[in-house]
Amino acid sequence: MSRGGSESVADFSPQYDPKTVEDRIYKLWEEGGFFAPEAHKSSADNSNSKKSFTIVVPPPNITGSLHMGHALNATIQDILVRKKRMEGYKTLWLPGTDHAGIATQNVVEKDLKKQGISRHDLGREKFLEKIWEWKEKYGNIILDQFKKLGASMDWSRTRFTMDEKYQKAVAEAFLYYHKKGWLYKAERVINWCVRCQTSLSDLELEYKQEDGKLYFIRYPLVSQNNAENFLRNSALSPRGSALVVATTRPETMLGDSAVAVNPKDERYKNLVGKKAMLPIQNREIPIIADDHIEQEFGTGAVKVTPAHDFADADMGERHKLPFRKIIDERGKMTKEAGAICEGLKIGECRDRVVAELKKEGLIEKEEPYRHNVAICYRCGTVIEPLPSMQWFLKMQELAKMALNAAESGKVRFHPERWKDVYIDWLKNVRDWNVSRQIWWGHKIPLEGETDVLDTWFSSALWPVATLGWPEKTKDLKTFYPTSVLSTARDIINLWVMRMVFSGLELMNEVPFSDVIVHATILTKDGKRMSKSLGTGIDPMTLIEKYGADATRFGLIWQAMGGQDVHWSEEHVVAGKKFCNKIWNAARFVLSQLPATSYSTGPSPRALGQLPASPIANTDEDKKILERLEHVKKEVSGLIDTYEFGQALHDLYDFFWHEFCDIYLETAKKQLQDEKLKENTEEILSYVLYTSLKLLHPFMPFITEEIWSKLPIENKKHLIIESWLGQKV
RNA sequence: GGGCAUUUAGCUCAGUGGUAGAGCGUUGCAUUCACAUUGCAAAGGUCGCUGGUUCGAUCCCAGCAAUGCCCACCA
């Protein structure tokens, strides 16, 4: 492994070119087996060798390709993993992908649609075959992109949430909960996507603002006596004996079971217990009192449609009202909606109902009204609440466990404020609807059940299942619980919380102790990056243009303290320049070292080993060595507390300004002085070598490449070098 | 309706109870000397607003404003 200094320098062109380096270096790491936890040969001197450090990557969807969030997240994890590996830990970063039920099914459906084929044309079996084909073809693109970024993942342990063993784990977990009595089947009002033809959990909804109308509808009162009484007290119904309700969805009146008012509302007090006539349907419905009703909104009287509204469903339960299902799973009106509306689509029915009511003079007024409607997080279609037979997982005990894990500090959030987001959500959680009526997913493992499970049910098992659960594997014993989970903020409850209770319930231990909630990368204007809007930036383009190290630099440089990032490419440019600076500093230092003395001779220096602490002869020597010691501690500490941006700023500042701008210039003079020459050489190499180690987790390719050129006897690759000089 | 975050140089952002910092951009000077993907130097900010605490506030406290995000069964 010995090389003459001059020979090394000859390999250096004055510009660093990532294209000639990155693929070669990555291959070198992969072939060397350094990504596996067994990277270090066991050594008695390595005090950390018995400790493990584990991260399971948040598995990207197989429909996905790398976006800026992935790139940042992967870089963060790689920094942690590389540092721990260099510290001698048994380090595992486990990669994999998620089958992403609805998302993938939709993508493949769309793909088939181009050929004019629907999934129903193919049938379930054939369609699933198509998805598997698709997965084989495109499913691992993002994993290759992780490699381009330099991610040091153990590819031998790559998992997929639908691989054979994983399917067993999911079935096992389902049966476990079922046996325990925490899984039950019930007909409930759930979120239904009429396009995807499946139920969705509350967390799978998004909201969009919609400019609609608020319709004020007159419901005639049934008893004439009461009506007269009412008329004397109310100006709300000038044209007759009627109660006026306000609604944004007039078509649902066809399924009304009651009209509700607040029990304290003086205007309606004497109507409670009486009846109103539901127009069009000509059905009598009771007038009930319920605390939930706001007196100030609309007229203070609300139509109650238990089958098609969550609040009304609750009221329906409280008051034992009938659930009349007037909208079916295809978004069409049922027979129960009545002869004039049966078979119409929801929108058509709305028009029809409004026209009918107008004809009868029952629309008091219409007001423009802006409100939020729930939409499917996968296809954007408006969600219909409707009653449906589904599987639910009881959340009471599981939520308690998950809550306790955060409150007790067994799971810590970074930044800490995300703990509140997690806790607040858990405090009023409903049972989890875990069944989905799509084809792509884990089938419910019970006789006669045809539904599949919510994709997040399997994601919830990720840390345990990837390590072997339910088998009592060596990996599970060694690497569970994992150390850190790094993720985006929008899946704290969708995913993180569910992993916590799954881990606690199935393994009796939290799945990870620390959760990093990384920055969200926005456009320069602070807008969401979106592929469909064309506002997204492709990290692969950056890597192509500036190199992986520069891209990582740009990401970490900007992502300070988990704050939102308004992305600007200049920092990637700065990263590229920094690469060149490191490259040339190394070029200079190596050119100054004697070419031959590193391969022969008796002294440690001559053997090409690093002096533990070079002697400082001058004030400049002293200063640079002191500053180096300081930066070593600083950077180590900052990585341990997940302050990667600050660590990189410190390193940048030290290397560029203190080492290159000042000390290197001083060294040029000192090298002319025979008395100082040799010692200055030692300091130059010591500071360079140590800096390369400190920089390696952030910028792994260039540092490894330079390391390969250093005139050190029997050196290891930098990826497994000792972090701060401890034996590994 | 509730909560959280942000507000500092032209832009993107750090930071500190005591004359304000980085990257990029701008201006001037310097190239046979590791790097012009460079070096040296300069210009540029009453640190969102109003009060309070303090000898002293950009930083701590209170209130306000603007922006963004999350949560919520005002139909």
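Keep in mind it's a predicted model, so treat the numbers as computed, not measured.
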Colleague: Contact class for A:Asp17 (heavy atom, under 4.0 Å): base, sugar-phosphate, or nothing?
Modeller: nothing

Colleague: Quote, to the nearest angstrom, the C1' distance that separates B:rG68 from B:rG48.
Modeller: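 Between the two C1' atoms, the distance is 15 Å.
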
Colleague: Base, sugar-phosphate, or nothing: which does A:Cys660 touch, judged by heavy atoms less than 4.0 Å apart?
Modeller: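 If one applies the 4.0 Å heavy-atom cut-off, A:Cys660 turns out to touch a base.
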
Colleague: Any side-chain donor paired with an acceptor under 3.5 Å for A:Tyr663 and A:Asp621?
Modeller: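 Yes.
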
Colleague: For A:Asn428, report the nucleic acid contact type (base, sugar-phosphate, nothing); a contact means any heavy atom under 4.0 Å.
Modeller: nothing

Colleague: Out of B:rA75, B:rG39, B:rU37, which has the shortest distance to the side chain of A:Trp656?
Modeller: B:rG39

Colleague: Is there a Watson-Crick or G-U wobble partner for B:rC33 with both distances under 3.5 Å, and which nucleotide is it?
Modeller: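 Per the H-bond distance test, none.
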
Colleague: Using a heavy-atom cut-off of under 4.0 Å over every strand shown, decide if A:Ala574 touches base, sugar-phosphate, or nothing.
Modeller: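 Answer is sugar-phosphate: A:Ala574 comes under 4.0 Å of backbone atoms only.
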
Colleague: Nearest to the side chain of A:Trp425, which nucleotide is it out of B:rG23, B:rC71, B:rA14?
Modeller: B:rC71

Colleague: Expressed as a whole number of Å, how far does the P atom of B:rG15 sit from that of B:rG56?
Modeller: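 Here B:rG15 and B:rG56 have their P atoms 27 Å from each other.
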
Colleague: Please report the distance, rounded to the nearest Å, between NZ in A:Lys527 and P in B:rU6.
Modeller: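 For the pair A:Lys527 NZ and B:rU6 P, the rounded distance is 21 Å.
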
Colleague: Give the nucleotide from the list B:rA75, B:rA22, B:rC11 with an atom nearest to the side chain of A:Phe297.
Modeller: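 My answer, after comparing the listed nucleotides, is B:rA75.
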
Colleague: Need one value for A:Trp418: base, sugar-phosphate or nothing, where a base atom within 4.0 Å counts as base even if backbone is also close, heavy atoms only.
Modeller: nothing

Colleague: Between B:rC35, B:rA72, B:rA75, which nucleotide has the shortest distance from any of its atoms to the side chain of A:Asn372?
Modeller: B:rA72

Colleague: Select one nucleotide: of B:rC11, B:rA34, B:rC4, the one nearest the side-chain heavy atoms of A:Arg417.
Modeller: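 Taking heavy atoms from C-beta onward, the closest nucleotide is B:rC4.
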
Colleague: Scan side-chain atoms only and decide if A:Asp314 and A:His292 contain a donor-acceptor pair under the 3.5 Å cut-off.
Modeller: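 Side-chain D/A pair, A:Asp314 to A:His292: absent.
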
Colleague: Show the nearest heavy-atom pair for residues A:Pro711 and A:Leu593, with the distance to one decimal.
Modeller: CG-CD1, 4.2 Å

Colleague: Determine whether the side chains of A:Gln670 and A:Thr680 contain a donor N or O and an acceptor N or O closer than 3.5 Å.
Modeller: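 Checked: A:Gln670/A:Thr680 side chains pair up, N/O donor to acceptor below 3.5 Å.
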
Colleague: Using a heavy-atom cut-off of 4.0 Å across all strands, would you classify A:Glu665 as base, sugar-phosphate, or nothing?
Modeller: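 It contacts base atoms.
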
Colleague: Assess the pair A:Tyr546 and A:Phe553: is the distance between their ring centroids shorter than 6.0 Å?
Modeller: no

Colleague: Please report, rounded to the nearest Å, how far the P atom of B:rC35 is from the NZ atom of A:Lys577.
Modeller: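 After rounding, the reported distance stands at 17 Å.
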
Colleague: Partner lookup for B:rU6, please. Criteria are Watson-Crick or G-U wobble with both distances under 3.5 angstrom; report none if nothing qualifies.
Modeller: B:rA66

Colleague: At under 4.0 Å between heavy atoms, what does A:Val302 touch on the DNA or RNA strands: base, sugar-phosphate, or nothing?
Modeller: base

Colleague: Please classify the nucleic acid contact of A:Lys668 as base, sugar-phosphate, or nothing, using heavy-atom distances under 4.0 Å.
Modeller: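 Here A:Lys668 touches the bases of the nucleic acid.
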
Colleague: Which base sits across from B:rC71 as a Watson-Crick or G-U pair, both distances under 3.5 Å?
Modeller: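 The answer is B:rG1, by the H-bond criterion.
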
Colleague: Establish, with yes or no, whether the OP1 or OP2 oxygen of B:rG23 is under 4.0 angstrom from a side-chain nitrogen or oxygen of A:His657.
Modeller: yes

Colleague: Please work out if A:Leu522 contacts a base, only the sugar-phosphate, or nothing of the nucleic acid, heavy-atom cut-off 4.0 Å.
Modeller: nothing

Colleague: Please determine, for the side chain of A:Lys581, which listed nucleotide (B:rC13, B:rU38, B:rC71) has the closest atom?
Modeller: B:rU38

Colleague: Check every atom of B:rG23, B:rA5, B:rA34 against the side chain of A:Gln563 and return the nucleotide holding the closest atom.
Modeller: B:rA5

Colleague: Which is more 5' along RNA chain B, the nucleotide nearest A:Arg430 or the one nearest A:Met560? Just name the residue.
Modeller: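 Closer to the 5' end of RNA chain B: A:Met560.
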
Colleague: Please state the C1' separation for the pair B:rA9 and B:rU46 - nearest whole angstrom.
Modeller: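 The same atom, C1', in both gives a distance of 14 Å.
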
Colleague: Under 4.0 Å, heavy atoms only, any strand: does A:Tyr369 hit a base, just the sugar-phosphate, or nothing?
Modeller: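 The residue A:Tyr369 makes sugar-phosphate contact but no base contact.
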
Colleague: Output the rounded distance in Å from CG (A:Asn580) to P (B:rA34).
Modeller: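 Interatomic distance, CG of A:Asn580 to P of B:rA34: 14 Å.
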
Colleague: When the P atoms of B:rA75 and B:rC4 are considered, how many whole Å apart are they?
Modeller: 24 Å

Colleague: If you count the non-hydrogen atoms of other residues, nucleotides and ligands that lie under 6.0 Å from CZ in A:Arg318, is the total more than 12?
Modeller: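 Correct, the count exceeds 12.
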
Colleague: Out of B:rA34, B:rC35, B:rA75, which nucleotide sits closest to the side chain of A:Leu664?
Modeller: B:rA34

Colleague: Could you work out the separation of B:rA14 and B:rA20 based on their C1' atoms and round it to a whole Å?
Modeller: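 These two C1' atoms come out 12 Å apart once rounded.
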
Colleague: Does the structure show a Watson-Crick or G-U wobble partner for B:rG56, both distances under 3.5 Å? Name it, or say none.
Modeller: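 Pairing partner: none.
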
Colleague: Just to be sure I understand the rule, does A:Tyr652 reach a base, reach only the sugar-phosphate, or reach nothing, if contact means heavy atoms closer than 4.0 Å?
Modeller: sugar-phosphate

Colleague: Between B:rU37, B:rA75, B:rA14, which nucleotide has the shortest distance from any of its atoms to the side chain of A:Gln646?
Modeller: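 For the A:Gln646 side chain, the nearest candidate turns out to be B:rA14.
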
Colleague: Calculate, to the nearest 0.5 Å, the distance between atoms CZ and CH2 belonging to A:Phe501 and A:Trp432 respectively.
Modeller: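 So the CZ of A:Phe501 and the CH2 of A:Trp432 are separated by 5.0 Å.
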
Colleague: What distance, rounded to whole Å, do you find between the two C1' atoms, one in B:rG1 and one in B:rA43?
Modeller: 49 Å

Colleague: Does either side chain, that of A:Tyr377 or that of A:Glu204, offer a donor lying less than 3.5 Å from an acceptor on the other one?
Modeller: yes

Colleague: So what does A:His566 touch, heavy atoms closer than 4.0 Å: a base, only the sugar-phosphate, or nothing?
Modeller: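 The answer is sugar-phosphate, as A:His566 gets under 4.0 Å only of primed atoms, P, OP1 or OP2.
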
Colleague: To the side chain of A:Glu570, which of B:rG39, B:rG23, B:rC73 is closest?
Modeller: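 Minimum distance to the A:Glu570 side chain belongs to B:rG23.
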
Colleague: RNA chain B: A:Asp202 or A:Thr247, which has the more 5' nearest nucleotide?
Modeller: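 The 5'-side residue here is A:Asp202.
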
